[in-house]
Amino acid sequence: MFNNELEVTLQKATADQMKPKPDQNSLGFGQFFTDHMFTMRWTRRQGWHEAAIEPYRTFAMDPAAMVFHYGQAIFEGMKAYRGKDDQIFLFRPQDNFSRMNQSALRMCMPRFPQERVLQALRAMVYLDQEWVPKTSGATLYIRPTMVATEPALGLRPAEEYLFFIICCPVGAYYSEGFSPTRIYVEDTFARSVPGGVGNAKTAGNYAASLKAQALAHDKGYTQVLWLDAVEHKYVEEVGTSNIFFLIDGEVITPPLEGSILPGITRDSVLQLARDWGYPVSERRITIDEVLAAGRKGTLQESFGTGTAAVISPVGEFCYRDECVQINGGTAGALATRLYEELQAIQFGYREDPHKWRVRVG
Ligand code: COI
């Protein structure tokens, strides 16, 4: 049921439910959680109901809850930024919620009233505003999630769901920060298949990526670059982000053909590159073309884009027995400009011509 009139109750955390704030200079990623959370429930009979901003708490769930067995779980990643004059902003939150509703459709889960949930999120971030970091580059990461809670073991879409939003102050996602990463090009495992769920932000996609990521970590790489599952030839995305190349002056990123995540940072980067006059292509690109450009010296830059990773320059790709270094293993000018521009918009220090910012409070 799609209910924009959904009533949201507010229960503030008491002084003894409030947690000490972590040191803002060593936040890491996703380790500390704020004082409040948003929750609501869905049943076939009642639709969305029991919406509440309430103190952060644990859940009791039936061991038969369908999410544990058949994996109906979707989520989003978004951020709140403390910027100029202590104002707090969200970045394109409507796009995250639209994408989450697309993921819900794909996973046979109920869609939710986006505007109402966005209102509740703004109220919750306002309530937890002291948790939005004040240190440079640090943000409040926001994790909307929906899971199937109906206790049943027949294989079918569940008829009961829990939607929740939790928030955590974070620093850089990679320990490298903005420094270039080393990426292993995966040629055996696959992340997603044509007709599969690669373009939905569903938990199983991340579980499927863990083995290759662990093997790459063991070999000293930061992340894995996925190739298509059929020919192991076309570049798809990195484990935590979409991927871009700057080859001979052209900005290239794989197209949205169903197997990769339609990133909101990806879309913002495409827009900025177009605004700046770069030729931009969303097209299929093979790993051979990337390596050939690397050998020829025309592979000027490569970088990942994502909410958590922001802009993450790639310093080196290794594929089978060949490694290509990019830009001498240093961050390129385009990645640096994009990183600075995006952050300046997100934190409210620069014009926002595309109306991406949403003020909290
Ligand atoms: C995000 O960038 O928000 C994600 O959800 C990626 C996750 C691996 C942290």
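As the structure lists them, so they are numbered: ligands from 1, and atoms in each ligand from 1. Given the structure is predicted, the values throughout are model-derived calculations rather than measurements.
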Any atoms of ligand 1 less than 4.0 Å from a non-hydrogen atom of [X]? List them with their elements.
| X | answer |
| --- | --- |
| Ala308 | 1 (C), 2 (O), 3 (O), 9 (C) |
| Thr307 | 2 (O), 3 (O) |
| Tyr141 | 1 (C), 3 (O), 4 (C), 5 (O) |
| Tyr173 | 8 (C), 9 (C) |
| Phe75 | 5 (O) |
| Thr240 | 8 (C) |

Check whether the side chains of Asp128 and Thr34 place a donor and an acceptor atom closer than 3.5 Å, and report yes or no.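 Note: Asp128 and Thr34 side chains meet the donor-acceptor criterion.
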Regarding Thr330 and Asn327, is there a side-chain donor-to-acceptor distance under 3.5 Å anywhere?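 Yes - a donor-acceptor pair under 3.5 Å links their side chains.
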Just by distance, do the side chain of Arg82 and the backbone of Gln87 share a donor-acceptor pair under 3.5 Å? no
Could you tell me whether a side-chain N or O of Asn205 sits under 3.5 Å from a main-chain N or O of Ala200, the two making a donor and an acceptor? yes
Between Phe178 and Tyr339, is the gap from one ring center to the other below 6.0 Å? yes
Quick check on Arg143 - does any of its heavy atoms sit under 4.0 Å from an atom of ligand 1?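 Contact present.
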Answer yes or no on whether Lys19 is positioned over the face of Phe33, meaning its NZ or CZ is under 6.0 Å from the six-membered ring centre and within 45° of the axis. no
Top protein contact for atom 4 (C) of ligand 1, by heavy-atom distance: Lys201 NZ, 3.3 Å
